[in-house]
Structure formats: structure tokens, C-alpha cells
2 protein chains.
Amino acid sequence: MCADKSQAVNLAQDRRKRVILDAARTLFIEKGFEQTSLDMIIARTGGSRRNIYDLFGNKEGLFEAVMKDQLGRILSGTHVPKSAEDGVSIQSQLEAIGTEFLMGLLQPTVLRTLRQFIVAAGERPDLGQQAYAAGPAVLYERLETYFSALVAEGKLDLPDVEVASRALTEMIKGGLELKAMMTGDYEVSTKQIRRQVSKAVLLFLHGALPR
Amino acid sequence: MCADKSQAVNLAQDRRKRVILDAARTLFIEKGFEQTSLDMIIARTGGSRRNIYDLFGNKEGLFEAVMKDQLGRILSGTHVPKSAEDGVSIQSQLEAIGTEFLMGLLQPTVLRTLRQFIVAAGERPDLGQQAYAAGPAVLYERLETYFSALVAEGKLDLPDVEVASRALTEMIKGGLELKAMMTGDYEVSTKQIRRQVSKAVLLFLHGALPR
DNA sequence: CTTTCGTGGTATTTGCCAGTACCGTCTTGC
DNA sequence: GCAAGACGGTACTGGCAAATACCACGAAAG
């Protein structure tokens, strides 16, 4: 009877939600929760405050919705193979994984989002935990299973796969993440990224001791 | 003539400054700039708002003073030798440096301070840049000169000393820093720290490839 | 045509807090 | 012991923004 109508309404609401989320995302990611007022968001979406309160409850609800939405967007990148591909050197594979990962991470939007998660984690621990579990933790795990496969094949020698996966991830980042978040310098050239990744992978594979 | 007096006054002011800084530090580090009101600080120091405005100008001035003060405190730790000590294996030396560094870094106070620097960097880029230059950057440099010495002696084989110093630092941290800042879990056991450091150093020295 | 619901726009309420002003008190140097 | 400046306490002001209430309009249903 009213199925058509309620569906139509839901569709309309979904569109409205998207518009608000998109506008709010830009502001929240750029300026943060405190520095963004609802009026700024409304100024971009048009419409009225009632939209926000009807759809998201309050400002905090909107913020969480935005951040969880961002989580989904960002994590869709970064592939890590389950096992070694034949015919490709491990070095090349690691470089490929690392470059893809680092290019994804060092986008200004991603870094800003990460920053906002850290800021938000102070007031809203759940959100930070969720973000960590869905972000870095997942990457570590994928890399672990990949490494386990390589170790089983005798292609790598890693006494502790967990430590190794974290180590490689971090040495690929090379502190660029922290630097960006502290200095606000979000621009890194792709050339720099490739250089960084290839050197980190070489060091990871061969170690620092002379042969 | 009034040398005594002015000095006495200065001493008194210095004491007052310290009291305010100490009280403000706890609150700023714990709750952050926005969530800390001057009334909270005054409630701990006793005294009146005039102290703060006379001594620090305004709330922001107080915050910056606190953060710079924290910088000084934290950085007084962490020694890195200029060159290799004879009779001690490189592995032991790196483990010693790494453990000291990581134990220093993973104190709740230090992590919270770092978090606040990141938060503050959004509004006050200068402060973040200063903190980065005085913190991580210094550590990297020290490690670089140390590595350069080891390479010159033929004890290490590092094509890029800068990348290597960043890599070791980051793999020693192993993402624990980021995890703490995102999840709010600031407690890491010293046992875990030693384990983490020793495995990271081994991997750094020998690499992942089988011999 | 009218009622009703969803919605845009705006005014109001409420609370918070930085910054300032004012007054009373206490210390300090003469 | 007495001026003068320093300091504690508190009230006041101004501004901002979240949350709510209220009004106006347009579209769909009866």
C-alpha cells in the first residue's frame, strides 16, 4: 500500500544523507570536530538543521557517521596477495605491495582522516579502536599470512612473522606518516615514495650486516 | 639597589610559573587544549586568573609554554653513542639504544604529549614543526651519525644511512606508538618492549632472506 | 479545496568559557 | 607602622554554538 511511498521516502532520505555526509566530511576532515559548526555544514548542503537532527541525532552522531563512512572508503585499497606468485621475485612483490600501500596512505585526505581519528580517539575511544582494528590491524594480518606462506616455502627466514610484518610496514612508512601529522606537510612526491619503498625492501631482505 | 628585590620577585614569579605549568601540564596532556578550562587550572593552583594572564598572556600562551616545557623534559632522555664502543657487539649496542628509546617513548605521559602535539599541529603548525624538529628529527640524526661511523669501520653495510636510521627506529616502535594513540591503550609491559626490540634488531641486522 | 506531512529557514534558549574589571588582603621595602 | 605594589577571589561581559521551537511553504492524499 504505502510500500512505494516509504521506499521513495527512504531513497530521498538516503540521498539527503549522502549530501550531508559529503559536505560534513570535507569540513570534519579538514578542520576537525570542534572547529566545524553545524552552520558551516548547512551553508554547504542547504536545507535546515532539522535534517541533521532527524537523520543523525546530533552533531556527534553525524561525526561518527562521517568517520565510519571514511573507514569504508579508505580500506578498499591495498591488496596483499595470499601467497607468493611464481615467476616474480620476492623483492618485486614486496616493492609492489609497499608502493601501493604507501601511495594510498600518503594521500592528504587519508592522512587527514587518520589525524582526525587520533584526535577523536581522545574523546571517543571506541571510534579509535574500531579504526585501528579495521585499518592497520587488518594490513598487519594480511602481511602475516603472506609471510607465513613465504616462510613455509623456504623463501624467507622469519623467526617471528608478526614482528616482521609490523617491521616491514613501519620501515616502509619510514616515519613519513608521523612527520606529516606533526608538521602538516602532507605532500610527498611519488618519486620519493618509490625510492623510499625500494630501499626499505632491500634493507628488509638483506639486513644491515655486511656479507 | 633594587637588584635584590627584582630578583626576589623574579624568583617568586618563577615559582608561580612552575606551579601553574605543572598544574596546566597535567590537564592539557590529559584532556587537551579545548577540554581544559582556565577554571580547572586555577582550581588546582589556587590563586586567580590574573596570574595566568600576567605570566603567560592568555590561554594559548600558557599552552605553548606547557608544550615547550614538555619538549625539554622528554628530550633529556635517550642517548645515542657517537661511534661504536669497542668490545660490545653491535647487536647489544643497538638493543641497548632501542630499549632505552622505546621505554622512554612508551610512557603514558610521553605518548599523551605526542598526541597533543598532533592535535595542536592542526591549529598551530609552528608548534608541531618545532616538536618534530626537536624530537624525532634529532633522534634520526643521531642514529645517522652513529651508523655512518659503523659503516666507515666496515661493521655495517648500509647504502643509505638516512633510510636505515629511520627504518630501525620505526621497526623498533613496531607501530606501538600509532596503536596507543588510536586505541588509547598506553600500557605496554617492559617484557614486551625488550622482546620487541631484540627481535627488531635481529631482523634489522640479518634481514629476512635465508642464508 | 483542505488537511497533513515533510521540509526549508529562522528565532530562541541555554550553557560554556575566555578575557576583563574590580575589590579586598597581604606582603615588602623604607 | 605605612604606603605601594602584588596577589586572591569573584562578578561581569561578550561571543559562540548546540539544541530546540516555531513559522512558512509546497506537495501529495482524501
Side-chain angles (χ1 to χ4, degrees), chain A residues 1-24 26-28 30-67 119-120 122-124, chain B residues 1-24 26-28 30-67 119-120 122-124:
Chain A
M1 41 189 301
C2 60
D4 284 328
K5 178 186 170 184
S6 72
Q7 199 150 31
V9 167
N10 284 341
L11 281 176
Q13 283 195 348
D14 286 354
R15 268 199 301 276
R16 181 140 259 96
K17 252 185 169 170
R18 273 257 65 84
V19 171
I20 296 178
L21 280 176
D22 288 342
T26 315
L27 289 163
F28 278 143
E30 189 84 18
K31 312 170 84 74
F33 180 78
E34 310 270 1
Q35 311 302 324
T36 301
S37 76
L38 293 183
D39 285 329
M40 296 179 196
I41 298 171
I42 295 163
R44 296 197 174 198
T45 59
S48 89
R49 310 171 87 78
R50 283 216 2 212
N51 286 312
I52 295 176
Y53 285 94
D54 286 350
L55 295 174
F56 300 98
N58 54 23
K59 189 184 178 186
E60 193 136 334
L62 174 59
F63 181 72
E64 288 187 13
V66 166
M67 295 309 274
V119 173
E123 295 282 302
R124 293 165 268 267
Chain B
M1 43 189 295
C2 61
D4 285 327
K5 177 185 169 183
S6 72
Q7 199 149 29
V9 168
N10 284 341
L11 280 176
Q13 285 195 344
D14 286 354
R15 267 199 301 276
R16 183 136 255 98
K17 252 184 170 172
R18 274 257 66 85
V19 171
I20 296 178
L21 280 177
D22 288 341
T26 314
L27 289 163
F28 279 144
E30 188 85 20
K31 312 169 83 75
F33 180 77
E34 310 271 1
Q35 310 302 324
T36 301
S37 76
L38 293 183
D39 286 328
M40 297 181 197
I41 298 171
I42 295 163
R44 298 198 172 198
T45 58
S48 88
R49 310 171 86 79
R50 284 212 4 213
N51 286 311
I52 295 175
Y53 286 95
D54 286 350
L55 295 174
F56 300 98
N58 55 21
K59 187 184 178 186
E60 194 137 332
L62 175 57
F63 180 72
E64 288 186 12
V66 166
M67 296 308 275
V119 173
E123 295 283 302
R124 293 163 267 268

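Every chain is numbered from 1 and lettered A, B, ... according to where its sequence line falls, protein lines coming before strand lines. Since this is a predicted model, take the numbers as computed values, not measurements.
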### Message
Let me confirm one number: the CD1-CZ distance from B:Ile41 to B:Arg49, rounded to the nearest 0.5 Å.
### Response
9.5 Å
### Task
Go through the structure and list residues passing side chain to side chain contact (heavy atoms under 4.5 Å, CB included) with A:Asp54, not counting sequence neighbours.
A:Arg50
### Query
Looking for any heavy atom pair under 4.0 Å, which part of the strands does A:Thr45 touch: base, sugar-phosphate only, or nothing?
nothing
#### Entry: Inter-residue atom distance A:Thr36.OG1 - A:Glu30.CD, 0.5 Å rounding
9.0 Å
### Query
Is the shortest side-chain N/O distance from B:Asn51 to OP1 or OP2 of D:dC7 below 4.0 Å?
no
### Query
Quick check: does any side chain N or O of B:Asp22 sit under 3.5 Å from a backbone N or O of B:Val19, one acting as donor and the other as acceptor?
no
### Side chain to side chain, B:Asn51 and B:Thr45, heavy atoms closer than 4.5 Å
no
### Message
Output the rounded distance in Å from CD1 (A:Ile41) to P (C:dG8).
### Response
15 Å
Listed pairs, N/O of protein and of nucleotides 9-13 of chain C, under 3.5 Å:
residue	atom	partner	partner atom	Å
C:dG9	OP2	A:Gly47	N	2.9
C:dG9	OP2	A:Gly47	O	2.9
C:dG9	N7	A:Ser48	OG	3.4

### Query
Rounded to whole angstroms, how far apart are NZ on B:Lys59 and P on C:dC16?
14 Å
### Task
Consider the side chain of B:Arg16, meaning its heavy atoms from C-beta on, and name the nucleotide among D:dA17, D:dC7, C:dT7 that approaches it most closely.
D:dC7
### Task
Mind calculating the distance between CG (A:Asp54) and P (D:dA21) to the nearest angstrom?
12 Å
### Query
Rounded to the Å, how far apart are A:Lys31 NZ and D:dA17 C1'?
15 Å
### Message
Categorize A:Asp39 for me: base, sugar-phosphate, or nothing, with a 4.0 angstrom heavy-atom threshold over every strand shown.
### Response
nothing
#### Entry: Interatomic distance, B:Leu27 CG vs C:dC17 P [rounded to whole Å]
13 Å
### Query
Atom CG of A:Leu38 and atom P of D:dC16: how far apart are they, to the nearest Å?
16 Å
#### Entry: Main-chain N/O of B:Phe33 paired with B:Lys59 side-chain donor or acceptor, under 3.5 Å
yes
### Nearest to side-chain heavy atoms of A:Tyr53, which nucleotide of C:dA18, D:dA18, C:dG8
D:dA18
### Message
Whole angstroms only, please: what is the CD-C1' distance between A:Glu60 and D:dA17?
### Response
15 Å
### Query
A:Leu62 CG to D:dA17 P: how many Å, rounded?
16 Å
### Task
Run the salt-bridge test on A:Arg124 and A:Glu60 with the 4.0 Å N-O cut-off and return the result as yes or no.
yes
